[in-house]
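Each remark here refers to the structure printed beneath this line.
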Amino acid sequence: MLLSKLFGKTQREIPAEADTISHQLLLRAGMIRQLAAGIYSYLPLAWRVISKIESIVRDEMNRAGGQELSMPMLQPIELWQKTGRDLAFGKSLFTLFDRKERQLTLGPTHEEVITDLVSHNVQSYRDLPLLLYQIQTKFRDEPRPRGGLIRVREFTMKDLYSFDADEDGLGQSYGKMLDAYHNIYKRCGLPAILIEADSGAIGGKGSHEFMVIAESGEDEIIYCDGCDYAANAEKAESIKDRADSEQPLPVEEVATPGYYTIEEVSTFLGVPRSQTLKAVFYVADGKLAFVVIRGDIEVNEVKLKNLLHCTELRMAGEDEAIAAGIIAGSASPIGLENVRIVADESVTSGTNFVAGANKADTHLKNVNYPRDFKADIIADISLTCSGEGCPRCGGKLFATQGIEVGHVFKLGTFLSEKLGANYIDAGSVSRPIVMGCYGIGIGRLMAAIVELSHDDKGIIWPMAVAPYQVYLCTLFMENPEVLKAAENLYAELERQGLEVLFDDRIESPGIKFNDADLLGIPLRVTISPRTLEKDSIELKLRSEKKAEIVPLGEAAEIIKKLVLTPQAGSQLA
RNA sequence: CGGGGUGUAGCGCAGUCGGUUAGCGCGCAGCGUUUGGGACGCUGAGGCCGGAGGUUCGAAUCCUCUCACCCCGACCA
């Protein structure tokens, strides 16, 4: 490809709208262009990277036994109503009406469609297991797109669905996918780690995410330094320090005029925050829930949402709390009636707590569970923080930010049951098919690569996904010898099947080198009067500082060898 | 949806107590001189100043409404 003809211009200045590295670099390299919030065009260079990632993904899916197909993006809303997931996705569904006023949605994912499809094509256990996938555009009306390609509203996704006869089969399919995913990230040069995850709107009973550690990531990862435990903060469990255990004392009322927050009350009364109980009010699908948790611990709303099996969860307004008979600032689970009380396990890890008295400017000392109050539900609904104990080995937990580059779910049978996807087992009994689903966002994967593989000059593409393998950089093109040598080498490399971006522009060396660095092509080949004096060319890997001079006659062969070295050019190797 | 911010040329910005024909840098086109890490000179093209309404002799500038985009949060795969 001639750079002079390439669609897409590099930019020297950073566009004001971009503040994550990958967004800035992809824009400056002229690879993407935003059309609306979370909606992007992919220019030729970006599209080549996307295609290469897709090829790797496709290859690994096929190797794992997957069969590629294509399903509609336009989906009747009725299908979603059957599974109830229209509510789970809520406003994230892009919906539209056809001319007959029938409501459709632009597919945010394809469990419904594929389960329906499979229900018509699978009858017997002999048809299972089955791995079906597609690589296709998804639409999700995100509340807030962000970070360039990190979170968008229209994106290409590889989604594979597994269908098995039983849990064991699902386990095997799941295992195959985990292996395939590891291969994909490795081939893309991404050091992705597997962590435990919440299954969110997709539903199901088990889920893992593949993460790459990056500051610009949206997710918080909790990991242990002693063992291999790692989980999304939404899901992570931990061992919290116990508050000191004492003999339970009788409940005592104390005046706390003007002290409302945990911080104020604990300071005023001279007790540690871990010896207080905090009350937080939520509205779950319209019903008030009173949450009690130790004062030094925060509520994990994802855990709470899962516990309450609700589709909408929000903090209650003060007026809603008052309407339920709660005194804000001195709220208490003690003596509260007609309100669902949810307690975190932490209420059992201490004694003689300070809690609200449900009476203005008053708190209670020496509150003990379950002596003084009952909870309708008691469970782990706590947020895990850095520094707490690992639930597996007791080691110390740490927190870091990560980008989710893949998510896999054990769905089980809830979708197949609702959509009638059954099979006949060997004993002629009809059973629901056991499902799993496995997704990778292709564009986000590209952004994650840039996020992890760049320097202050620009992108550093790993060879396997680079838009071109070789950047043929000519200095002083107007010199006929340079022109001739470059054209010959270009032709030779193309003949060898290498992907070459030929910078045939008449520009100063500085511009050419800077553009080469920005675009991040893994191998740069420079031809100039200076190299030709010695009948040679210069080779430089984008990931390396040093350049190397090689004889013109051997150039093509050496270049080919470098290109075929898989880790060439990657900062991640 | 709550909080904050920004909309002026392809990109980055100035101009905003109302006052000629809306500027600067980069980029773009032409000519010339240069050039192994973003050269220089000259010439030139490119703007419904996000949109609508209002105030005024006069609005990029003041007022009202509105739209879009970004960031934080909520939310989210």
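Keep in mind it's a predicted model, so treat the numbers as computed, not measured. Protein chains get the first letters and strands the later ones, always in sequence-line order, with residue 1 at the start of each.
Salt-bridge formation is detected for the pair A/Arg85/A/Glu111: a Lys NZ or Arg NE/NH1/NH2 atom is positioned less than 4.0 Å from an Asp or Glu carboxylate oxygen. The pair A/Glu196-A/Lys235 does not meet the salt-bridge criterion, since no charged nitrogen lies less than 4.0 angstrom from a carboxylate oxygen. The pair A/Arg524-A/Glu538 meets the salt-bridge criterion, with a side-chain N (NZ, NE, NH1 or NH2) lying under 4.0 Å from an Asp/Glu carboxylate O. Ion pair A/Arg58/A/Glu68 flagged as a salt bridge, since at least one NZ, NE, NH1 or NH2 atom sits closer than 4.0 Å to an Asp/Glu carboxylate oxygen. A salt bridge links A/Asp455 with A/Arg542: the distance from a Lys NZ or Arg NE/NH1/NH2 to an Asp or Glu carboxylate oxygen falls below 4.0 Å.
The nucleotide B/A9 finds no pairing partner, because no Watson-Crick or G-U wobble arrangement with both distances shorter than 3.5 Å includes it. When both distances must be under 3.5 Å, the Watson-Crick or G-U wobble mate of B/C28 is B/G44. With a cut-off of 3.5 Å on both Watson-Crick or G-U wobble distances, the partner of B/G37 is given as none. B/G2 and B/C72 make up a base pair, with Watson-Crick or G-U wobble contacts both under 3.5 Å. Using the Watson-Crick or G-U wobble rule with both distances under 3.5 Å, B/U61 pairs with nothing in any strand shown.
In this structure, the CD atom of A/Glu298 is 14 Å from the C1' atom of B/G73, given to the nearest Å. When the C1' atom of B/C70 is taken as reference, atom CZ of A/Arg151 falls 17 Å away, rounded to whole Å. Atom pair A/Leu475:CG and B/G38:P shows a separation of 13 Å (rounding to whole Å applied). For A/Phe513 and B/G38, the CZ to P distance is 11 Å, given to the nearest whole Å. Put simply, CG on A/Asn514 is 15 Å from P on B/G36, counting in whole angstrom units. Summarising the geometry, the separation between CH2 on A/Trp80 and P on B/A77 is reported as 11 Å, rounded to the nearest angstrom. Rounded to a whole Å, the CD atom of A/Glu218 is 10 Å from the P atom of B/C71. Between A/Asn479 atom CG and B/U35 atom C1' there is a gap of 13 Å when expressed in whole angstrom units.
Residue ring and nucleobase are not stacked for A/Phe89 and B/A77 under a centre distance beneath 5.5 angstrom and an angle between planes beneath 30°.
When only modelled atom types and interatomic distance are considered, A/Tyr438 and A/His407 share no side-chain donor-acceptor pair under 3.5 Å. In the model, A/Glu60 has no side-chain atom that pairs as donor or acceptor with a side-chain atom of A/Tyr181 under 3.5 Å.
Rounded to a whole angstrom, the distance from the P atom of B/C67 to that of B/A77 is 27 Å. With C1' as the reference atom, B/C24 and B/G46 are 15 Å apart, rounded to whole Å. B/G38 and B/C1 have their C1' atoms separated by 45 Å, given to the nearest Å. When the C1' atom is compared between B/G25 and B/U8, the two are found 15 Å apart, to the nearest whole Å. Atom name P, nucleotides B/C49 and B/G10: the rounded distance is 12 Å, in whole Å. Of the C1' atoms belonging to B/G12 and B/U6, the separation is 14 Å, rounded to the nearest Å. Taking atom P on both B/C72 and B/G19, the two are 37 Å apart, rounded to the nearest angstrom. When the P atom is compared between B/A45 and B/U66, the two are found 41 Å apart, to the nearest whole Å.
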Can you check nucleotides 27-34 of chain B for protein contacts, nitrogen or oxygen pairs under 3.5 Å, and list what you find?
from, atom 1, to, atom 2, distance (Å)
B/G27, OP1, A/Arg12, NH2, 3.2

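Residue contacts for A/Asp19: at a heavy-atom cut-off of 4.0 Å it reaches the sugar-phosphate backbone alone, with no base atom in range. A/Arg153 comes within 4.0 angstrom of no nucleic acid atom, judged by non-hydrogen atoms across all strands. No engagement by A/Ser92 is indicated, since no non-hydrogen atom pair under 4.0 Å with the nucleic acid exists. Nucleic acid contact class of A/Leu27 (heavy atoms, under 4.0 Å, all strands): none. Residue-level contact check: A/Thr531 touches the bases, meaning some heavy atom is under 4.0 Å from a base atom. Looking at heavy-atom distances under 4.0 Å, A/Gly8 makes no contact with the nucleic acid at all. Residue contacts shown for A/Pro15 are limited to sugar-phosphate atoms, with no base heavy atom under 4.0 Å away. The residue A/Phe155 sits close to a base: some heavy atom pair falls under 4.0 Å. Within the 4.0 angstrom heavy-atom criterion, no nucleotide atom of any strand lies near A/Ala18.
One N or O on the side chain of A/Ser528 and one on the backbone of A/Arg530 form a donor-acceptor pair closer than 3.5 Å. Panel note: side chain A/Thr83, backbone A/Lys418; no donor-acceptor pair is recorded below 3.5 Å. Side chain of A/Thr137 to backbone of A/Thr156: no donor-acceptor contact under 3.5 angstrom is found.
Of the candidate nucleotides B/C11, B/G37, B/G36, B/C11 has the atom nearest to the side chain of A/Glu13. The nucleotide whose nearest atom lies closest to any side-chain atom of A/Arg33 is, among B/G36, B/C70, B/G10, B/G10. The nucleotide whose nearest atom lies closest to any side-chain atom of A/Gln11 is, among B/C69, B/A77, B/C11, B/C11. Side-chain atoms of A/Phe409 lie closest to B/A77 of the nucleotides B/A77, B/U35, B/G38. Taking only side-chain atoms of A/Glu301, from C-beta outward, the nucleotide of B/C75, B/G36, B/C11 with the closest atom is B/C75.
Mapped onto RNA chain B by nearest heavy atom, A/Lys457 and A/Val152 fall at different nucleotides, with A/Lys457 at the one closer to the 5' end. In terms of position on RNA chain B, the residue among A/Ala16 and A/Leu518 whose nearest nucleotide sits closer to the 5' end is A/Ala16.
Checking the phosphate oxygens (OP1, OP2) of B/C71, a side-chain nitrogen or oxygen of A/Arg144 falls inside 4.0 Å. The side chain of A/Lys305 places no N or O atom within less than 4.0 Å of a non-bridging phosphate oxygen (OP1 or OP2) of B/A74. The side chain of A/Gln34 places an N or O atom within less than 4.0 Å of a non-bridging phosphate oxygen (OP1 or OP2) of B/C70. At the phosphate of B/C69, neither OP1 nor OP2 sits under 4.0 Å from any side-chain N or O atom of A/Arg146.
Between A/Trp80 and A/Phe89, the distance separating the two ring centers is shorter than 6.0 angstrom.
In this model, no side-chain donor or acceptor of A/Ser508 finds a partner on the base of B/G38 within 3.5 Å.
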